[in-house]
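I have placed the structure first, in the form of structure tokens, so that the comments after it can refer back to it.
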There are 2 protein chains.
Amino acid sequence: MRAALSERSGRRRRSDVPEATVARLPVYLRALHVLADGGSSTVSSEALAAAAGVGSAKLRKDLSYLGSYGTRGVGYDVAELVLHVSAALGLGRRWPVVLVGVGNLGHALAGYGGFDERGFCVVGLFDVDPARVGERVGEQVVRHLDELDDVVHSARASIGVITTPASAAQDVCDRLVAAGITSVLNFAPALLQVPAGVDVRKVDLSNELQILSFHEHRKAARALTGVPA
Amino acid sequence: MRAALSERSGRRRRSDVPEATVARLPVYLRALHVLADGGSSTVSSEALAAAAGVGSAKLRKDLSYLGSYGTRGVGYDVAELVLHVSAALGLGRRWPVVLVGVGNLGHALAGYGGFDERGFCVVGLFDVDPARVGERVGEQVVRHLDELDDVVHSARASIGVITTPASAAQDVCDRLVAAGITSVLNFAPALLQVPAGVDVRKVDLSNELQILSFHEHRKAARALTGVPA
DNA sequence: ACGCGCTTGTGAACGCATGCACGAAGTCGA
DNA sequence: TCGACTTCGTGCATGCGTTCACAAGCGCGT
Ligand SMILES: NC(=O)c1ccc[n+]([C@@H]2O[C@H](COP(=O)([O-])OP(=O)(O)OC[C@H]3O[C@@H](n4cnc5c(N)ncnc54)[C@H](O)[C@@H]3O)[C@@H](O)[C@H]2O)c1
Ligand SMILES: NC(=O)c1ccc[n+]([C@@H]2O[C@H](COP(=O)([O-])OP(=O)(O)OC[C@H]3O[C@@H](n4cnc5c(N)ncnc54)[C@H](O)[C@@H]3O)[C@@H](O)[C@H]2O)c1
């Protein structure tokens, strides 16, 4: 019998949190903040799970990847858990974010206060349209895209948001990566090509609507054929 | 061939498409449109998969849930596949959509032309703020929320979008459901409670950023400790 | 001090999704 | 007409994620 706990690839290490769990941590964190504001000092996995809209077993397993921060027979200390989840998400610091494409959607995002409340702050707005450059949006002034490198470097930003038309998205993405950005949130309906080490998340509102229409379609079909109540 | 297809529960029926596949169909559809605009009349699973950013085996399996619309040795007919995928997504018709909460984000969505291009049309904008009601946004005039029932009923809308503050989201959702809406796209950071038969999809931009910051955090930690190369 | 009830943390079973590998089926050229 | 080549459709194995169920652990009341 050879080394039982091999650290061969494939084995899950201590600090290795499953992606599905990572995607739920922000939900838990928000639920915890609501509970904290409501005056709760401790919370059971059952109650927190209900507040987050998941099963309690799933919640416990998710939190167990971060460590053993609960007390058996009691539950979790809300304030303490907020700290641990925040730490896991890297929210111990405030992340500078740059946004490119200050159009319809970019304006809404730039003026949104919710980001600052959750650990992010916009340090730069960029566009190429001369009519946009110089415009004041929120606490920032829209800069020309050519200034991207300077701002990213001086603010040490590593997160970028793309709200340009799809046709410009890949080019903008390349410039973001060249400037040092290593995480991209993309609202344009385009598939971005990035080098290894750079993360991309895509938010596509049309996709969401089409997924809904798929289910609507099935509901309507089912109402006619299968189950007439 | 005998009818060996039992319709036992648990068996996957013909029209039963896995949820993960449904979520990718809009991506394929968009890629197909790009290819069609580019002049391609047929496309192989390999090429379409590359355009959609997935593996070719996954793409073929996904499409196989809709039927056998490919030609071995050739590939898929682009125009034909567009029709089949559109049909599966229920895009044979144009879906009327109502939007509640014409603030920062609501304005951006209401003025967005991309929805109309993809099978949806906004048939009503609603708010409770007297200052907003009456304002012209895009091709619509903002109505008071009290008119929701009338509009939903007369336009036969079944899809609703919520862009109100989180505190009002559940109340607005209840009113949407009461008016007859059976699919909700929610941008407010709140967990919505809905009766069975109503679908909800949530889009939370802060969550997306926090997921990115998790990975950024790990990258930074790894750069210091593990792999200095 | 001690047992009782409550809740966590986790091993194990299960189910879904992904990736591989290949037979089936169609096209194209000779 | 036929054979070789191309690509689809899919059974199968693998891995990931979810759910179940329960022992371990902690606080509290007696
Ligand atoms: N508006 C919405 O509600 C909405 C909804 C879903 C998706 N989207 C997507 O978000 C993106 C932006 O949408 P929008 O409505 O804000 O469009 P928009 O045209 O109003 O804004 C786009 C902005 O990007 C700028 N831009 C263009 N090319 C650029 C470049 N190369 N570098 C920097 N900036 C550049 C333009 O000057 C403009 O200000 C689009 O891809 C759209 O499909 C928007
Ligand atoms: N703006 C953004 O970029 C952004 C980003 C992420 C999330 N969000 C979320 O989207 C939602 C809207 O954001 P926003 O920036 O547009 O806020 P906003 O305050 O600009 O707009 C909210 C609108 O909803 C209306 N409203 C309030 N209560 C209502 C009710 N009961 N019925 C109908 N309408 C009502 C208000 O009158 C206002 O017009 C919020 O939940 C926010 O957290 C916004």
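In what follows, every chain begins at residue 1, and chains take the letters A, B, ... in the order their sequences are listed.
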Notebook entry, point to check: With sequence neighbours left out, what residues match A:F187 under ring-ring contact (aromatic ring centres under 6.0 Å, His included)?
Noted result: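 With sequence neighbours excluded, A:F187 shows a ring-ring contact (aromatic ring centres under 6.0 Å, His included) to no residue whatsoever.
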Margin query: Checking B:H215 now: which residues fulfil ring-ring contact (aromatic ring centres under 6.0 Å, His included) with it, not counting sequence neighbours?
Written below: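 In terms of ring-ring contact (aromatic ring centres under 6.0 Å, His included), with neighbours along the sequence ignored, B:H215 is linked to no residue.
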Any side-chain N or O of [X] below 4.0 angstrom from OP1/OP2 of [N]?
| X | N | value |
| --- | --- | --- |
| B:Y65 | C:dC16 | no |
| B:Y76 | D:dG9 | yes |
| B:K58 | C:dG19 | yes |
| A:R24 | D:dT18 | yes |

Just distance, no hydrogens or angles: give the donor-acceptor pairs under 3.5 Å from side chains in residues 194-201 of chain B, sequence neighbours left out.
from   : atom 1 : to     : atom 2 : distance (Å)
B:D199 : OD2    : A:K219 : NZ     : 3.2
B:R201 : NE     : A:E208 : OE1    : 2.5
B:R201 : NH2    : A:E208 : OE1    : 3.2

Notebook entry, point to check: When you check every protein heavy atom under 4.0 Å of nucleotides 23-30 of chain D, what one-letter string (B, S, -) results, 5' to 3'?
Noted result: -BBBS---
[X] side-chain N/O to [Y] backbone N/O, donor-acceptor pair under 3.5 Å:
| X | Y | result |
| --- | --- | --- |
| B:Q170 | B:Q193 | yes |
| A:T164 | A:G101 | no |
| B:R94 | B:F120 | yes |
| A:S158 | A:T182 | no |
| A:T163 | A:V100 | yes |

Heavy atoms from C-beta onward define the side chain here; which of [options] lies closest to that of [X]?
| X | options | answer |
| --- | --- | --- |
| A:R60 | D:dG9, D:dC22, D:dT19 | D:dC22 |
| B:S68 | C:dG9, D:dG9, C:dA17 | D:dG9 |
| A:E19 | D:dA21, D:dT10, D:dG17 | D:dG17 |

Checklist line | Residue B:E46 excluded, over 12 heavy atoms near CD under 6.0 Å | finding: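 No - once you tally the heavy atoms of other residues, nucleotides and ligands closer than 6.0 Å, there are 12 at most.
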Next item on the list: Report, as yes or no, whether the 6.0 Å neighbourhood of atom CD on A:E80 holds more than 12 heavy atoms from other residues, nucleotides or ligands.
Entry: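 More than 12 heavy atoms, drawn from other residues, nucleotides or ligands, come within 6.0 Å of this atom.
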Quickly work out the [X] [atom1] to [N] [atom2] distance and round it to whole Å.
| X | N | atom1 | atom2 | answer |
| --- | --- | --- | --- | --- |
| B:E80 | D:dC8 | CD | C1' | 14 Å |
| A:H84 | C:dT8 | NE2 | P | 15 Å |
| A:L81 | C:dT8 | CG | P | 11 Å |
| A:L63 | C:dT10 | CG | P | 11 Å |
| A:D16 | D:dC16 | CG | C1' | 12 Å |
| B:D62 | C:dC16 | CG | P | 16 Å |

Margin query: Requiring both pairing distances under 3.5 angstrom, list the stems that contain DNA chain D and are made of three or more consecutive Watson-Crick or G-U pairs.
Written below: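 Consecutive-pair runs (3 or more) involving DNA chain D: C:1-30 with D:1-30.
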Note to self: With rounding to the nearest 0.5 angstrom, report the CG to CD1 distance, B:L185 to B:I162.
What the structure shows: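 It comes to 9.0 Å.
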Item checked: Donor on one side chain, acceptor on other, A:R60 and A:S45, under 3.5 Å ->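 Distance-only check passes for A:R60 and A:S45.
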Margin query: What's B:G75 touching, base or sugar-phosphate or nothing? Going by heavy atoms closer than 4.0 Å.
Written below: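 Sugar-phosphate contact only - B:G75 comes under 4.0 Å of backbone atoms but never of a base.
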Note to self: For DNA chain C, which residues of residues 36-49 of chain A approach it to below 4.0 angstrom with any heavy atom?
What the structure shows: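 Within this stretch, A:S44, A:S45 sit under 4.0 Å of the strand.
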